[in-house]
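Dumping the structure here so I can ask a few things about it.
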Amino acid sequence: MFKYLTLNNLLTIIKQLADIGVVWLLFYYLLKIVKNNSRTIQIFKGILVIVIAQWIAGLLGLHTVETLAATIMNWGPLAIIIIFQPEIRNILEKIGKTNVFSPISTLTLNERENLVEELVKACTEMSKTKTGALISLEQGHSLSDYIKTGTPMNSVVSSELLCSIFQYGTPLHDGAVIIQGVKIACAAAYFPPTTRELPTSYGARHRAAVGISEITDSVTIIVSEETGNISIAQGGKLSVISPAHLHDFLMMIVCQKQGDEVKGEKDVQKEALKESIEANDGKKPGVFAHYFKGKNKRSTKSKDTPENKFTKSKKEDSVDVLQSENVVVDSEIEKLGIADLVETQTDAPLDQLFETIVVDAAKDDEKTQPKKEDGKEEAPKPKKRGRPKKKKDDTEEKDVKETKPKAKSKGRKKKDEFMDDILEAQEIIFDDGSADSSSKKDKEGRK
Ligand SMILES: Nc1ncnc2c1ncn2[C@@H]1O[C@H](COP(=O)(O)OP(=O)(O)OP(=O)(O)O)[C@@H](O)[C@H]1O
């Protein structure tokens, strides 16, 4: 047997395996494109119908129909190239721009975690204050073309800096921030908006986010100025996410950490926060606490001296504060949903964990939506800006209904597959048909 295993034969086998591998990859990506795009599904269905018609016509001897179908099939490849010209251009652009050693891939785990923390902090803050923001994280595909459209910054990401950039009225607040690695590469960047039909409640900011996510693999976070909602645009899909789940999502994208790891960290953070509260006599540490660590210690003696008549009551107060702070910490962690989630599903596959997260996010959003006594939702706050704005109330209700997560349960999947599922679960961009119909309904409703 080994006499056939010459170097030549081995080379031939390797070539054939490589050949099969490349074709397999091509088919895989082709099917992925078809699966993710309703237009391509319809076109492929059309092609299938013609093939079946040609086959049946051949069987029944219907020569004219058979010739007609054959002619269509002969011109098919050319028609496909013409029809899918934008998609083909996007794929080729993506291949050309993919950078294996992107800035984010060179970060240490610590840097990645800091990046996530700062981003989540900034987005949560901006969501509370309804400050509009558009932040794109560069992944494998270079965003340098879009960085050129903005104002270069090259500053380390911090929540304070992000909040200042997007503060309404500041020179850089208009446009997008692009993050490369741990650095804010630029602010006020311009993204090509999507040409797809979006529900009318989504304006230029969301369009820009979806646009950039269609042509690159970037992850874009949007904070709505109108509603304070946080959304994520990735792979041409837009999903609403709660601040708590944004943390998990970014942990997974940036740190490639999974649910159980996140849970472990939450426990550590909880402990650390409790310890720091205890160390501060029941008071939360201030922003500059680490600067004064050990430098500004109050004498414990003065606290315990019997001559201080307020000592006892102060001490009791601080115990109360400590207890109440701990309750706050616990409730904060509960709010994150991670502890409960992971405790109940420790061994649950990752995709299930995140499906639950999305479901929870939807529930959170429902809970946080203020309701009026008559059951109607409270009207959204008027926009800070003077410029005219589209009416959103009806549309938003519709959007919420239409973005109801699908209940799916499959086996364990690879990260990118289940990321698609998460985003599908709360997808706001509908297939072309449904987006059309929803926006038509909106328009009719407003009339
Ligand atoms: N193509 C773009 N690239 C980058 N930023 C953009 C782009 N288009 C709009 N923006 C940003 O979005 C802001 C306008 O957002 P607009 O209110 O129209 O969108 P929206 O999707 O309704 O968001 P919001 O819910 O925050 O109101 C602009 O002031 C600008 O900062």
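Start at 1 and go down the list; that is how both ligands and their atoms are numbered. It should be emphasised that the depicted structure is a prediction, and the values quoted were computed from it without experimental measurement.
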Residue L134 vicinity, atoms of ligand 1 by number, heavy atom under 4.0 Å: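 Selected atoms, number and element: 4 (C), 5 (N).
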May I ask you to list the atoms of ligand 1 that are less than 4.0 angstrom from any heavy atom of A189?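 The atoms of ligand 1 under 4.0 Å from a heavy atom of A189 are 3 (N), 4 (C).
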Please confirm whether D174 comes within less than 3.5 Å of ligand 1 when only nitrogen or oxygen atoms on both sides are compared. yes
Which atoms of ligand 1 sit under 4.0 Å from any heavy atom of G175?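 Counting atoms of ligand 1 from 1, those under 4.0 Å from G175 are 4 (C), 5 (N), 30 (C), 31 (O).
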Are any of the N/O atoms on G203, whether in the backbone or the side chain, positioned under 3.5 angstrom from an N/O atom of ligand 1? yes
E225, any N or O under 3.5 Å of ligand 1 N or O: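 E225 vs ligand 1: N/O contact under 3.5 Å present.
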Under 4.0 angstrom from ligand 1, any heavy atom of G211? no
Can you tell me how far NE2 of H247 sits from CD of E113, rounded to the nearest 0.5 angstrom?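 Between atom CD of E113 and atom NE2 of H247 there are 8.0 Å.
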Test log, rule ring-ring contact (aromatic ring centres under 6.0 Å, His included), inputs F166 and H173: CA-CA 4 Å; F166 288 111; H173 85 281; 8.4 Å; no
Please answer whether the main-chain N or O of H141 pairs with a side-chain N or O of D217 as donor and acceptor at a distance below 3.5 Å.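 Yes, the answer is positive, given that a donor and an acceptor are paired below the 3.5 Å cut-off.
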The single option from L134, L250, I179, V177 that satisfies side-chain contact (heavy atoms from CB on, under 4.5 Å) with I221 is L250
Just verifying a value: how many Å separate I212 CD1 and E138 CD, rounded to the nearest 0.5 Å?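 It is 10.0 Å, given to the nearest 0.5 Å.
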Any chance you could lay out the side chain to side chain donor-acceptor pair (under 3.5 Å) test for S127 and T124, step after step, and finish with the verdict? CA-CA 5 Å; S127 163; T124 311; over 6 Å; no
Per-atom contacts of ligand 1 with A208, taking only distances under 4.0 Å to non-hydrogen atoms: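 Answer for ligand 1: 1 (N), 2 (C), 3 (N), 7 (C).
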Just go through P192, A188, A204, S231 and tell me whose heavy atom is the nearest to atom 8 (N) of ligand 1. A204
If I apply the N/O under 3.5 Å rule, does G132 come out as touching ligand 1? no
Spacing of C186 atom SG and Y146 atom OH [to the nearest 0.5 Å]: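 One finds 12.5 Å between SG of C186 and OH of Y146.
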Under 3.5 Å between any N/O of R205 and any N/O of ligand 1: does that happen in this structure? yes
Rounded distance [0.5 Å steps], CG in N229 versus NE2 in H206: 7.5 Å
